[in-house]
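Note on naming: letters A, B, ... go to the chains in the order of the sequence lines (proteins, then strands), and numbering restarts at 1 for each one. These numbers come from a predicted model, not from an experiment.
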Amino acid sequence: MPPRTFFQRDPESLAKALLGQHLVRVIANQRLVGRIVEVEAYLGVKDKAAHTYAGRRTPRNEAIWGPAGHAYVYFTYGMHHCMNVVAGDVDVPVAVLIRALEPVEGLDAMHAHRLKASRPIDLCSGPAKLCQAMSIDKNLNGADLVSGLSLTIEQTRARTLPARMIATGPRIGVDYADDWAQKPLRFWVKDNPHVSR
DNA sequence: CCCGTGATTTAT
DNA sequence: TAAATCACGGGG
């Protein structure tokens with residue numbers, strides 16, 4: 001498990017560092033594990049696509065303003081949850097959205113959580129899909145990924161992915177954000193079939 | 001392409 | 001209080 005200092009950096013750097021690491025969810029002594037293959041960086045008060053744009057601080061997004069290495073889980077569209085990893089320093093509201101995982105452990109349980117998905121490739125290939133597969137909801141909003149037990153990050157043996165294996169492009173679903181919509185703040189593992197869309 | 005779905009935010 | 005919005009997913 002990485003120390004808190006791993007998370008305490010700018011969100012673009014953390015986004016790339018999270019690729020290849022494992023997101024681990026423990027439920028009733030069972031491990032659900034996914035390799036992080038797609039992420040997006042959200043750059044805080046200046047970022048028109050971010051929930052904290054222009055210094056917005058509300059009950060929902062409070063976790064982003066806190067210390068790095070915690071989860072920010074929010075509910076949207078009346079039915080979906082999405083999970084972020086908080087980056088940066090306290091009072092600097094930056095974070096990384098987890099957009100896709102490659103299932104590694106606990107595939108049966110993930111399937112049970114996602115009845116609509118038939119193939120492994122449909123289990124975690126989207127930010128709300130992976131939350132459903134790993135049973136991540138608002139109960140885990142604010143959870144500490146460094147010291148916690150039920151939701152953590154584990155560093156894989158490879159540690160950091162070489163830059164040549166990382167692809168970059170615009171973030172998804174932020175068309176409302178004008179000039180910020182096109183900035184290359186989405187990162188994924190090149191040629192990995194488990195990324196979204 | 002379109003629409004479900006309701007918490008959360010923002011405007012009156 | 002009321003209206004608008006939405007870092008999505010599934011089905012044509």
*Using a cut-off of strictly less than 4.0 Å, decide whether A:Tyr176 has a side-chain nitrogen or oxygen near OP1 or OP2 of C:dA7.*
yes

*Using a cut-off of 4.0 Å on non-hydrogen atoms, how would the nucleic acid contact of A:Arg60 be classed: base, sugar-phosphate, or nothing?*
sugar-phosphate

*How many Å lie between CG on A:Leu123 and P on C:dG10, as a whole number?*
11 Å

*Is the aromatic ring centre of A:Phe75 closer than 5.5 Å to the centre of the six-membered base ring of B:dT8, with the two planes inclined by less than 30°?*
no

*Euclidean distance for P, B:dA7 against C:dG11 (whole angstrom)*: 23 Å

*When you compare B:dG6 with C:dG12, how far apart are their C1' atoms, in angstrom units rounded to a whole number?*
24 Å

_I'd like to know if the side chain of A:Ser13 pairs up with that of A:Arg9 as donor and acceptor (distance under 3.5 Å, no hydrogens or angles considered)._
yes

*Just by modelled atom types, is the A:Ser150 backbone N or O under 3.5 Å from a matching donor or acceptor in the A:Arg25 side chain?*
yes

_Residue whose nearest DNA chain B nucleotide is more 5′ - A:Thr76 or A:Arg56_ = A:Thr76

*Touch check for A:Ala128, heavy atoms < 4.0 angstrom, all strands: base, sugar-phosphate only, or nothing?*
sugar-phosphate

*Using atom CG of A:Asp137 as one end and atom P of B:dT8 as the other, report the distance to the nearest whole Å.*
12 Å

_Nucleotide C:dC6, atom C1' - distance to CD of A:Glu40 in whole Å_ = 14 Å

*In this structure, are over 12 heavy atoms from other groups packed under 6.0 Å from A:Asp179 atom CG?*
yes

*Can you give the dot-bracket line for DNA chain C, where a pair is Watson-Crick or G-U wobble with both atom distances under 3.5 Å, crossing pairs use [ ], and | marks a partner on another strand?*
||||||.||||.

*Determine whether more than 12 heavy atoms belonging to other residues, nucleotides or ligands lie under 6.0 Å from atom NZ of A:Lys46.*
no

*A:Lys48 NZ to C:dC6 P, straight-line distance once rounded to whole Å*: 13 Å

_Comparing A:Lys138 and A:Met79 on DNA chain B - which has the more 5′ nearest nucleotide_ = A:Met79

*asked:* Nearest to the side chain of A:Thr58, heavy atoms from C-beta on, is which of B:dT10, C:dC6, B:dT9?
replied: B:dT9

_Gap in Å between the two C1' atoms, one belonging to B:dT9 and one to C:dG9, rounded_ = 23 Å

*Check every atom of C:dC6, B:dT10, C:dG9 against the side chain of A:Arg114 and return the nucleotide holding the closest atom.*
C:dG9

*Closer than 4.0 Å, any side-chain N/O of A:His51 to the OP1 or OP2 of C:dA7?*
yes

*Which distance, rounded to the nearest 0.5 Å, do you find between the CD1 of A:Ile36 and the OG1 of A:Thr156?*
9.5 Å

*Return the value, rounded to whole Å, for the distance between atom CG of A:Leu130 and atom P of C:dA7.*
16 Å

*How many Å lie between CD on A:Glu62 and C1' on B:dT9, as a whole number?*
15 Å

*Would you say C:dG9 has OP1 or OP2 under 4.0 Å from some side-chain N or O of A:Arg197?*
no

*Cation-pi, A:Phe187 ring and A:Arg99 (6.0 angstrom, 45 degrees)*: no

*Please give, in whole Å, the distance from C:dC6 P to A:Tyr77 OH?*
7 Å

*Salt-bridge present (A:Glu154, A:Arg35; N to O < 4.0 Å)*: no

*How long is the line joining CG of A:Asn61 and C1' of C:dT5, in whole Å?*
15 Å

*In terms of side-chain heavy atoms of A:Lys116, which of C:dG10, C:dG9, B:dT10 is nearest?*
C:dG10

*Would A:Lys16 and A:Asp10 pass as an ion pair if we require N to O under 4.0 Å?*
no

*With P as the reference atom in both, quote the distance from C:dG10 to B:dT8 in angstrom, rounded to an integer.*
22 Å

